[in-house]
**Student:** 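I am attaching a structure below and will ask some questions about it afterwards.
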Amino acid sequence: MRIAVIGAGLSGLLAARNLRRSGHEVVVLDKGSGVGGRMATRRIGEAVLDHGAQFFTVRSDAFASEVNEWLTEGVAREWCRGFVDVDGHPRYMGVGGMTSIAKYLARDTDTHLGITVTRIDFDDANRQWQIAAQSRDSRAVNLVADAMIVTAPLPQTITLLGPVAGELPADLRDIEYDPTLCLLVTLRQQVHVSESGALQSPDEFFSFICDNMRKGTSSAPSMTFHVEPTISATNYEQPDDTLHSMLFEQALTYLSPDDIIEAHLKKWRYATPRRTHTDSCWAHPHLPLVLAGDAFDGPRMEGAARSGIAAASVFS
Ligand SMILES: Cc1cc2nc3c(=O)[nH]c(=O)nc-3n(C[C@H](O)[C@H](O)[C@H](O)COP(=O)(O)OP(=O)(O)OC[C@H]3O[C@@H](n4cnc5c(N)ncnc54)[C@H](O)[C@@H]3O)c2cc1C
């Protein structure tokens, strides 16, 4: 079959890889300018900063076998076994940034970036999906596929499905996501926060702060600050310059203003699903359509990975 996968995040890329291995023709479409989705790395000058997922843990055999491949291929490595107190559980990271894992997974995949899918409709007469999309330069892009896997966060997925959205189970339709506000800061000199370079829930405002240089991602001093979910949600709709000032002010708890070169705000509207569906993915009962992503098998990278693998198995 010719199968279109919407989303080049971890779930979409693993789904695409497994579909290819099963002999399908696969095309991946993503609105972003790079692969990885919420596994995101940004370069600012000489600094390299992870600004979505910061690390991952491994609990299941299915994910362990993927991660072992990434470790062997040198695209992931163990970061630490506890950010402050060592608890013995490995935390892993992408080598040179989290997107290295996505780039590795995407290497043999027909991936089209900068393509925002706006609508998918099933053409009953021809038994195929019609995909309407728009390129970065506002060109209309139309594709057809025999089957679809959609891995966008669920509220975004629902807007693409047209009448099919009404056929989703009710508990899928109301999965909500917490946003995350994020500040990316480049520095004149490195700031010590902990031996590992990170602090989890260091205070009431931030949920995670990370020295990307100590982590080993960046050759230049830089810090990532994530705001905890309730404060992110309460303030999300404020103007960007208000948010920038608010986060900057809080970051000064850890930084001296003289050390700061640049500070950038990043807003993740759909950072983390508040609850997840009971199954690893959702397959439409009579159309060749599967929904997957971290809203299905746990709100983290491991859940996204397992969901993508499960989605591909529907067509194998
Ligand atoms: C700030 C933050 C911190 C996090 N920290 C951690 C952490 O430390 N550890 C951990 O395990 N997890 C963490 N997570 C969660 C983790 O990043 C996600 O669970 C995982 O990456 C989700 O992968 P996914 O493939 O399901 O979705 P995504 O990565 O969101 O991929 C979906 C893709 O779909 C694309 N898309 C959406 N709509 C369209 C459209 N209409 N057309 C085309 N493309 C579209 C998007 O561009 C995106 O690339 C964090 C997330 C955030 C945001």
Side-chain angles (χ1 to χ4, degrees), residues 4-16 27-41 49-59 63 67 76 79 83 91-94 98-99 101-102 105-106 111-120 131-136 141 143 148-161 177-184 198 200 206-208 210 215 224-229 232 266-273 276 280-281 291-311:
V5 177
I6 301 180
L10 187 54
S11 54
L13 290 173
L14 277 171
V27 59
V28 178
L29 306 170
D30 199 293
K31 64 182 180 178
S33 53
V35 293
R38 280 173 275 162
M39 247 169 31
T41 308
L49 303 92
D50 281 327
H51 62 104
Q54 298 292 304
F55 69 95
F56 56 95
T57 49
V58 180
R59 292 186 171 82
F63 191 47
V67 173
W79 176 1
F83 295 111
R91 276 77 164 174
Y92 298 95
M93 56 181 265
M98 286 303 224
T99 47
I101 297 165
L105 292 173
T111 307
H112 298 256
L113 297 171
I115 301 290
T116 302
V117 177
T118 49
R119 176 82 182 232
I120 62 170
I131 305 163
Q134 209 171 42
S135 68
R136 278 265 153 97
V141 177
L143 295 100
M148 303 266 341
I149 295 181
V150 186
T151 68
L154 282 170
Q156 294 178 322
T157 295
I158 285 167
T159 64
L160 308 179
L161 296 180
Y177 289 64
D178 281 320
T180 298
L181 297 170
C182 169
L183 193 72
L184 305 175
Q200 212 163 10
F206 292 119
S207 56
F208 201 83
C210 178
K215 183 180 181 183
T224 302
F225 293 85
H226 283 165
V227 178
E228 72 88 31
S232 292
K266 161 76 190 169
K267 297 166 75 177
W268 294 100
R269 181 176 289 281
Y270 301 110
T272 322
T276 51
S280 300
C281 62
L291 308 188
D294 66 344
F296 291 86
D297 218 340
R300 310 203 72 76
M301 282 176 55
E302 177 159 15
R306 287 163 45 118
S307 180
I309 293 166

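Just so you know, these numbers come straight off a predicted model, no measurement behind them. Atoms within each ligand, like the ligands themselves, are counted from 1 in listed order.
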**Student:** Is there at least one pair of N or O atoms, one from Glu302 and one from ligand 1, spaced under 3.5 Å apart?
**Tutor:** no
**Student:** Give the numbers and elements of all ligand 1 atoms closer than 4.0 Å to a heavy atom of Gly9.
**Tutor:** 25 (O), 29 (O), 31 (O)
**Student:** Any N or O on Thr116 sitting closer than 3.5 Å to an N or O of ligand 1?
**Tutor:** no
**Student:** So which bit of Met301 gets within less than 4.0 Å of ligand 1, heavy atoms only: side chain, backbone, both or neither?
**Tutor:** both
**Student:** Need the ligand 1 atom indices (1-based, order shown) with element for anything under 4.0 Å from a heavy-atom of Ile115.
**Tutor:** 42 (N), 43 (C)
**Student:** Apply side-chain contact (heavy atoms from CB on, under 4.5 Å) to the pair Arg91 and Gln54, showing each step before the final yes or no.
**Tutor:** CA-CA 10 Å; Arg91 276 77 164 174; Gln54 298 292 304; over 6 Å; no
**Student:** Could you tell me the residue and atom name of the protein heavy atom closest to atom 6 (C) of ligand 1, and the distance to it rounded to 0.1 Å?
**Tutor:** Ala53 CA, 3.4 Å
**Student:** Does at least one non-hydrogen atom of Cys182 fall below 4.0 angstrom from an atom of ligand 1?
**Tutor:** no
**Student:** Where the closest heavy atom to atom 52 (C) of ligand 1 is concerned, which of Ser307, Gly52, Pro229, Cys210 has it?
**Tutor:** Gly52
**Student:** Would Tyr270 and Leu154 satisfy side-chain contact (heavy atoms from CB on, under 4.5 Å), going step by step from the backbone distance to the final call?
**Tutor:** CA-CA 9 Å; Tyr270 301 110; Leu154 282 170; over 6 Å; no
**Student:** Verify the neighbour count for atom CZ of Arg59: are there more than 12 heavy atoms of other residues, nucleotides or ligands below 6.0 Å?
**Tutor:** no
**Student:** Identify, by atom number and element, the atoms of ligand 1 in contact range of Gly7, meaning under 4.0 Å from any of its heavy atoms.
**Tutor:** 33 (C), 34 (O), 35 (C)
**Student:** Quick check on the 6.0 Å ring-centre criterion: do Phe63 and Tyr92 meet it?
**Tutor:** no
**Student:** Could you tell me whether some N/O pair between Gly12 and ligand 1 is separated by less than 3.5 angstrom?
**Tutor:** no
**Student:** Counting heavy atoms only, name the option from Leu10, Leu29, Val117 that's nearest to atom 41 (N) of ligand 1.
**Tutor:** Val117
**Student:** Quick check on contacts: which atoms of ligand 1 are under 4.0 angstrom from a heavy atom of Thr151?
**Tutor:** 32 (C)
**Student:** Any N or O of His226 that comes nearer than 3.5 Å to an N or O of ligand 1?
**Tutor:** no
**Student:** Does Trp268 use its side chain to pair, donor to acceptor, with the backbone of His51 at less than 3.5 Å?
**Tutor:** yes
**Student:** Considering non-hydrogen atoms of the protein only, which is the closest contact for atom 26 (O) of ligand 1, and what is the distance?
**Tutor:** Asp294 N, 3.1 Å
**Student:** Could you name the option among Gln200, Met98, Arg38 that has the heavy atom nearest to atom 29 (O) of ligand 1?
**Tutor:** Arg38
**Student:** Using the side-chain contact (heavy atoms from CB on, under 4.5 Å) definition, which of the options Thr116, Val117, Leu113 pairs with Lys31?
**Tutor:** Thr116
**Student:** Run the numbers for me: atoms of ligand 1, each under 4.0 Å from some heavy atom of Gly36, listed by number.
**Tutor:** 29 (O)
**Student:** Note the single closest protein heavy atom to atom 48 (C) of ligand 1, along with its residue, its atom name and the distance in Å.
**Tutor:** Asp30 OD2, 3.4 Å
**Student:** Which ligand 1 atoms, with their elements, are less than 4.0 angstrom from a heavy-atom of Gln54?
**Tutor:** 5 (N), 6 (C), 7 (C), 8 (O)
**Student:** Of all the atoms in ligand 1, which lie at a distance below 4.0 Å from a heavy atom belonging to Gln156?
**Tutor:** 37 (C), 38 (N)
**Student:** I'd like the name of whichever of Gly114, Ala152, Ala8 reaches closest to atom 38 (N) of ligand 1 through any heavy atom.
**Tutor:** Ala152
**Student:** Which option out of Ala133, Gly293, Ala304 puts a heavy atom nearest to atom 23 (O) of ligand 1?
**Tutor:** Ala304
**Student:** Do Asp297 and Ser280 pair up side chain to side chain, a donor and an acceptor below 3.5 Å, judged on atom types alone?
**Tutor:** yes
**Student:** Is the shortest side-chain heavy-atom distance between Leu49 and Thr41 below 4.5 Å?
**Tutor:** no
**Student:** Give a yes or no answer on whether the side chain of Ser11 reaches the backbone of Gly308 with a donor-acceptor pair at less than 3.5 Å.
**Tutor:** no
**Student:** For ligand 1, which is the ligand I care about here, please tell me if Thr180 has any N or O atom under 3.5 Å from one of the ligand's N or O atoms.
**Tutor:** no
**Student:** Hey, is Trp268 touching ligand 1 through its side chain, its backbone, both or neither, going by heavy atoms under 4.0 Å?
**Tutor:** side chain
**Student:** Run the numbers for me: atoms of ligand 1, each under 4.0 Å from some heavy atom of Gly37, listed by number.
**Tutor:** 29 (O), 48 (C), 49 (O)
**Student:** Quick one: do Phe296 and Thr276 satisfy side-chain contact (heavy atoms from CB on, under 4.5 Å)? Show the steps, please.
**Tutor:** CA-CA 5 Å; Phe296 291 86; Thr276 51; over 6 Å; no
